[in-house]
Amino acid sequence: MSNILGFPRIGKNRELKKVLESFWSGKSNEEELQQVAKDLRAKHWELQKELDFVCVNDFSLYDNVLDLAYALNAKPKRFKDLSGLEGYFAMARGHNVGVACEMTKWFNTNYHYVVPELSDEDNYKANANKIIKQYQEALSLGYKPKIQLIGLFTFFALSKITQGETKAIFDKLKKAYLELIEQITTLGEVMIEFSEPIFVKGLNVANNLESIYNSQMIECVYNEISQKGIKVIVSTFFEHSCELTEILLKTNIYGIGLDFVYGEKNKQSLEALAKSDKVLYAGVIDGRNIWITDLESKLALLDSINAFIPKERIVISSSCSLLHLPFSKEGEDNIESEILSWFSFAKEKIAELKTLELVFKGEKAAKQSLEENAKTILSRKNSLKTNNQKIRNRIQQNTLKQRNMNFKERLELQKNALNLPILPTTTIGSFPQTPELRALRLDYKKGNIDKATYEKGIKEYIKDCVAFQESIGIDVLVHGEPERNDMVEYFGEQLEGFVFSSNAWVQSYGSRCVKPPIIYGDVERKNPMTIEWITFAQSLTKKVMKGMLTGPVTILNWSFVRDDLPRHLVCEQISLAIADEIDDLQKAGISIIQVDEAAFKEGYPLRKENIKEYEKWALECFKTSTAIASPQTQIHTHMCYSEFNDIIKTIEALDADVISIETARSGNELLKVFKEVGYTHEVGPGVYDIHSPRIPNTEEIKKQIQALLEVLPKEQLWINPDCGLKTRKWEEVKPSLKNMVEAVKVIRNS
């Protein structure tokens, strides 16, 4: 048997993204939105028809965690009067009745989930209509459905308690969750795969709530669910979950799903699994990376599992949902055929699963596919495209790994050189990516316009950005990044060792999609990447122009990274490329350079025992990239979607002169930790939420700044939005930034 835990939902050609944005702008109605969603589900189930079951309820109009919150009526009080899609999207995107719920990363991936807000005032009530409807939809098309559902413990652990006693809220939520299962049982005997990835962190990860996250409670919940006549599979992914497996073996569930790609220690549970009657859903196909599977090595892994567990109790599975992969590599004609042969996207992963299943069962017809796979694996290993000794020698010979003056001394030099006012204002870097701008880049890429026409259009945009910023009085300007399609892709396109797809989009959140670079070989910068545009922007103003770069750790974490070389070695190569760019920028007269590390925390291991190793090399890579900066060059960095309590010392060790962070949806919760540890460097907390179309007024931003001043002194603070502005429209950006600057003026004069 073969199994996946979910499929990408955005569509082969981003159909869901397009209809969502059309719906939000009022250009299409709910019926049209739902029809596109229904058509996509049917197409995705057709691709899964060779598997034993198709996944149901993995599809979402925005986010699966949000879906479950809505199904349990876990709506924040400010949205209680909103219903249907209005209420659903209000929680995700904000509404005139209140700001949206927070978003944060789904474990250590680049997918963002909407954080549920729970309170003792809530009246949780189950509504399984969406799940039931999609199940019946699949049945009507002739498929055997398997329901994918986020587990109760994971949902609760990822939620935010806004008011009340935690255990009491959990008990109320558990009752509604079990009611949801009860409603699903009206479908008859169904199979539900419960995702419980929270337990890959261990049993004591959720604020040490022993009364919830313990053997007795877990056994109780899953035994009660099993008694409802459901075939229950409990799956974890992204790491090992040996502690949970030990508990689940005492329950009456049908199967246990384990990740053997990123959780090698799950092998330690095989002996105990063998003594049980549980079916093992063995996650051996990587659901997070795009490299072709080495089927011979996976067969060896399955044979080692089979040494404990009979084949009839082994289901070959993806390690996690395929949500994190592009749809298919079909049509990627711009990628060299040799390199393309090394890739396997979501559609191809399903084919690999099926081949692996057939060979594991001993069917000779699949042997040819196995032989072809082995040839491809060998060609990649031996290709000159994956090995560059010159680059590897430079890594070994590099000795410049940190700045040569401490922060306090640098700060004095920078303040004298920059001469900025108290509470300096700036933005995170990007400005709106208008349809005209996107069309300009696309026309140039397709050869419809020449280089001169393209450059003229980009420079006109930069001129407008600079003029606007000067007109409203922003202190440190940016060029707006009109030449950049994406903060990682732009740099990857100019680095050796990267390749780019035409349509390999991956959902980041809601309708937001990214097309991650693919690192297939050794990385090197051949030519300057940003000098032309940033120095042009600086020539237009006497104010300070900030250079904008993406940091090495973020480039790594937001790329599909080669799996034939340790990640830290790949990151070291990228860090030297960024160092070369910083040196060129400062030599060109750029005195502030922002090296964004938005995804720094995203790469953190899920197990505490593995954190030190990651922090060590990630810190070294950032510091290597900025070590070339002179003391007078002010280095900024930006981090988003992060809870900093557990890594504040690491942030300090980055030794960036200024860090900007997202705090608009979190009040001062994130900022307080900077005060508690005595953080000495400068901080730019986001004073308004750029993920919402809301335009904050001056008074609102003024209150936000005053709240910040209660935590940190004005000499330490910068004022900025909480992230880049590329996804917003000019009619939202202009008044918001104007109000931000006006609010700062009021504070300065008070």
Side-chain angles (χ1 to χ4, degrees), residues 2-10 55 58 63-64 104-113 148 150 154 193 195-198 200-201 235-241 257-266 281-295 297-298 301 316-329 342-353 356 488 501 504-509 513-520 553-568 570-571 599 601-607 610 614 641:
S2 49
N3 175 69
I4 62 171
L5 286 77
F7 194 80
R9 53 185 177 244
I10 208 71
C55 295
D58 61 325
D63 167 53
N64 290 118
T104 195
K105 297 293 176 71
W106 175 251
F107 294 86
N108 57 353
T109 74
N110 189 32
Y111 177 76
H112 308 72
Y113 72 93
Q148 303 295 140
I150 295 169
T154 293
E193 186 163 15
S195 294
E196 289 284 17
I198 193 64
V200 301
K201 294 185 173 184
S235 292
T236 57
F237 33 87
F238 304 148
E239 244 291 0
H240 83 81
S241 55
L258 299 176
D259 182 346
F260 290 96
V261 176
Y262 297 96
E264 189 175 353
K265 286 187 178 180
N266 276 322
Y281 284 70
V284 298
I285 296 286
D286 193 343
R288 292 186 58 172
N289 215 339
I290 51 82
W291 301 103
I292 186 173
T293 301
D294 183 345
L295 296 180
S297 71
K298 297 304 181 183
L301 173 58
I316 301 172
S317 179
S318 60
S319 63
C320 62
S321 170
L322 304 185
L323 170 71
H324 311 287
L325 298 176
F327 186 90
S328 170
K329 68 178 189 178
W342 304 336
F343 301 159
S344 176
F345 297 170
K347 183 178 177 180
E348 290 78 31
K349 294 288 185 187
I350 291 176
E352 287 180 343
L353 266 174
L356 196 56
V488 174
S501 62
W505 296 98
V506 179
Q507 186 177 19
S508 179
Y509 63 87
C513 299
V514 294
K515 192 147 56 72
I518 299 167
I519 306 175
Y520 71 89
V553 183
T554 293
I555 290 177
L556 183 88
N557 286 335
W558 281 355
S559 297
F560 288 121
V561 183
R562 59 189 299 183
D563 60 354
D564 59 343
L565 203 66
R567 288 175 69 88
H568 71 90
V570 180
C571 198
K601 192 174 181 184
E602 187 174 302
Y604 267 74
L606 296 170
R607 288 272 171 173
N610 300 324
Y614 170 78
Y641 302 113

Problem set entry | Short side-chain to backbone donor-acceptor contact, Asn110 and Asn557, under 3.5 Å | no
Problem set entry | Parallel, tilted or perpendicular, as decided by the 30° and 60° cut-offs, for the rings of Phe237 and Trp106 | tilted
Exercise. Is the backbone of Ser241 close enough, under 3.5 Å, to the side chain of Asn266 for a donor and an acceptor to pair up by distance?
Worked result: yes
For this session: Without swapping roles, check the side chain of Ser318 against the backbone of Ile285 for a donor-acceptor pair under 3.5 Å.
Result: no
Exercise. CG of Leu323 to CD of Gln507: how many Å apart, nearest 0.5 Å?
Worked result: 6.0 Å
For this session: Tell me, with the steps shown, if Arg567 and Val553 meet side chain to side chain contact (heavy atoms under 4.5 Å, CB included).
Result: CA-CA 10 Å; Arg567 288 175 69 88; Val553 183; over 6 Å; no
Exercise. Can you tell me how far OG1 of Thr109 sits from CZ of Arg288, rounded to the nearest 0.5 angstrom?
Worked result: 6.0 Å
Problem set entry | Whether Phe238 and Phe107 hold their rings parallel, tilted or perpendicular, with breakpoints at 30° and 60° | tilted
Problem set entry | Closest non-hydrogen atom pair between Asn289 and Leu325, with its separation | O-CD2, 3.5 Å
Problem set entry | Point-to-point distance, once rounded to the nearest 0.5 Å, from CD1 of Ile316 to CD1 of Ile4 | 14.5 Å
Problem set entry | Nearest-0.5 Å distance, CG of residue Asn3 to CD1 of residue Ile350 | 10.5 Å
For this session: May I ask you to test the Tyr262-Glu239 pair for a side-chain heavy-atom distance under 4.5 Å?
Result: no
Exercise. Counting N and O atoms only, with roles assigned by atom type, does the side chain of Arg9 sit under 3.5 Å from a partner on the main chain of Asp58, one being a donor and the other an acceptor?
Worked result: yes
For this session: Start with the C-alpha gap between Thr236 and Glu196, add the side-chain angles, then the distance that decides, and say whether side chain to side chain donor-acceptor pair (under 3.5 Å) holds.
Result: CA-CA 5 Å; Thr236 57; Glu196 289 284 17; over 6 Å; no
For this session: State whether the side chain of Glu352 and the backbone N or O of Thr293 hold a donor-acceptor pair below 3.5 Å, judged by distance alone.
Result: yes
Exercise. Which is it for Lys329 and Ser344 under the side chain to side chain contact (heavy atoms under 4.5 Å, CB included) test, yes or no, and what are the steps along the way?
Worked result: CA-CA 7 Å; Lys329 68 178 189 178; Ser344 176; 5.9 Å; no
Exercise. In terms of the angle between their ring planes, are Trp291 and Phe343 parallel, tilted or perpendicular, with boundaries placed at 30° and 60°?
Worked result: perpendicular
Problem set entry | Rounded distance [0.5 Å steps], CG in Asp259 versus NE2 in His240 | 11.5 Å
Problem set entry | Closest non-hydrogen atom pair, Pro516 against Ala504 | CD-O, 3.8 Å
Problem set entry | Test of ring centre spacing under 6.0 Å for Tyr520 and Phe560 | no
Exercise. Where the side chain of Asp63 meets the backbone of Tyr113, is there a donor-acceptor pair that is under 3.5 Å apart?
Worked result: no
Problem set entry | Point-to-point distance, once rounded to the nearest 0.5 Å, from CG of Asn64 to OG of Ser321 | 8.0 Å
Exercise. Is the backbone of Gly287 close enough, under 3.5 Å, to the side chain of Ser319 for a donor and an acceptor to pair up by distance?
Worked result: yes
